[in-house]
Amino acid sequence: MKRLNTALALLGLAILITVGAAVLFFQSYSGKEANDGALAALAPVPSNQQGTPGTPVEWHPASGSRYPMCDAAFDPEAYPKPGMRVIEANTGWLFRQEELSLHYQFPDDEVYPFVSRLTERLSQTGTRLTVLISPPRLVLAREHLASLEGYDRDVVKGVLIQYLNMQRRLQENGALTPDILEEANLQGIPWDQLADPADLHWTPTGAKMTADAIARITDRDPRTKDAQPVKYVMSRVNEPLPVSGYYDILNSICGEDFPFPTIRPFAPPERIASSSALMSEQKNLSAVIAGTSFSALDHRFNFAGFLGESTGLEVVNVSLAGGGPLQALGQYISSGSLERDKPAFLIWEMSPTGLPARDDLNQLNGYLQADCGKPIKATRKFTWGESTLFDSASVVRLDAGPAALTITSDNPALKKFIVRSLNYDGSNKKYDVDFSRTPEPPASYRLQLNSLAGIRAITIEPAGMLSGTIEAELCSVPS
């Protein structure tokens, strides 16, 4: 026992040193003074939580009881993907297997140089980038994990350190990052109030804490001192809103029709025109949210409303449910709205279980590229299946380095397709483009190809049979 205690003490000291080094992470532009989220997170349990797991006050199981897990629910083969397996804690909280991963980080480190390039692009319109990633449910619901084998407090701390390291590296590359955990601590809100017990999303409380954490950032911006704040009125709808979440997955597997939990939704926030603004030369500052369902489902979480209320900014929400980390941001960057509206802040929100991978970054980097100076061009009629855009005779006309591919069409139904670069050695690189959930597709699609070396052809394959034509441009870009 003495050796065990010594080992645990050394482990705790190592974690303290690692996270203690993170004190400087949040001293820059995150809106905090002496308080640091990383240090606060080391406490076993915030004092207001007293070690007792809780259920969000806004969340109610419609049946009044926990989900009755069937035998099939414990079989990984019953799920479409292994990571989708639903696991139940002894408090009734549900988790997907992928949420309990010990490795919490971006799938590709290329995201950090992209953030740096995006920050530089936004600076041309006076726009500051905020990258918003909700803390992992594994961290928020740590007091509910006692019954799950292998997920002890030290593992949770390891995931927390990974999350904080992501925040630090984002800041190092020019992004602002809200400290949501510290905001909850400052307001005395237990962390498990921020997460839905049976869904990957946050709760309205989580959305509110996030908005308040962002307000600490925007309040530090000198431009807000000279701006006319926008005022909003919030109201809630009396009719409960069912939240399918993981209950829907379990109902499908178990053949049940168990009622979904409910929350009280919000009415669209009402913007109040300030009478003083009519006689003032002060202007409103705006913030654009380009995110996922966390941000898009305003009737459920009211994040955009909370953000406007907390910051006094004019909030424009272009988020797309199911759009992943790419679609809302890619559509906004390529639409020309950034240059036209010049928002003070752009908030890029992404789900903690849907962080951008290489294909996402290849497309996003393409949107940041300047227009091709001397491109080679191709026009093709839509055909069924895969067709060639550029053959080897075309590709060799460009330098064998990085390139940008731009695709436009006279058919707005072109929202989902695959681009492939076919190599002489028989290998190929596939780029999946999917804007099928967007109401209006980008005016053009852009991809960054890492290198044209060894490529014998570039092809395109739409998801279905379409009419019309495809216009493509390929050009070399600086490495």
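All residue numbers in this chain count up from 1 along the given sequence. Note that the structure is a prediction, hence the values are computed from the model and not measured.
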Under a 3.5 Å threshold, yes or no: a donor from one side chain and an acceptor from the other, between [X] and [Y]?
X    : Y    : answer
W191 : N185 : yes
E349 : S319 : no
T262 : H60  : no
Y67  : N251 : yes
Q331 : Q327 : no

So, does R85 use its side chain to make a donor-acceptor pair with the main chain of Y79 at under 3.5 Å?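 No.
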R169 backbone acceptor or donor facing N173 side chain under 3.5 Å: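 Yes; at least one donor-acceptor contact below 3.5 Å.
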Excluding sequence neighbours, so at least two apart, what forms side-chain contact (heavy atoms from CB on, under 4.5 Å) with T127?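 Testing T127 for side-chain contact (heavy atoms from CB on, under 4.5 Å), a comparison that skips the adjacent residues, returns L122, T125, L338, P343, L346.
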Got a sec, which residues hit side-chain contact (heavy atoms from CB on, under 4.5 Å) with A304, two or more places apart in sequence or on another chain?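 Here the qualifying residues are I289, D298, V315, N317.
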Below 30° counts as parallel, above 60° as perpendicular, anything between as tilted: where do the rings of H201 and F294 land?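 Ring orientation, 0 to 90° scale: tilted.
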Begin from the C-alpha positions of F303 and L132 and carry the test side-chain contact (heavy atoms from CB on, under 4.5 Å) through to its verdict. CA-CA 12 Å; F303 173 59; L132 167 56; 3.7 Å; yes
Counting neighbours of CD on E339 that are heavy atoms of other residues, nucleotides or ligands and sit closer than 6.0 Å, is the number greater than 12?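 Yes - once you tally the heavy atoms of other residues, nucleotides and ligands closer than 6.0 Å, there are more than 12.
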Going by the rule side-chain hydrogen bond (donor to acceptor under 3.5 Å, both in side chains), which residues pair with S337 if we only count those two or more places apart in sequence or in a different chain?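 Scan of S337 (side-chain hydrogen bond (donor to acceptor under 3.5 Å, both in side chains), adjacent residues dropped) gives S335, R340.
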R137/D196 salt bridge by N-O under 4.0 Å criterion: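 Salt bridge between D196 and R137, a charged N being under 4.0 Å from a carboxylate O: no.
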State whether D109 and R358 are salt-bridged, where the test is any N-O pair (Lys NZ or Arg NE/NH1/NH2 against Asp/Glu carboxylate O) under 4.0 Å.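 Answer for the salt bridge query: no.
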Between I407 and V433, is the side-chain contact (heavy atoms from CB on, under 4.5 Å) condition met? List the steps. CA-CA 11 Å; I407 294 173; V433 179; over 6 Å; no
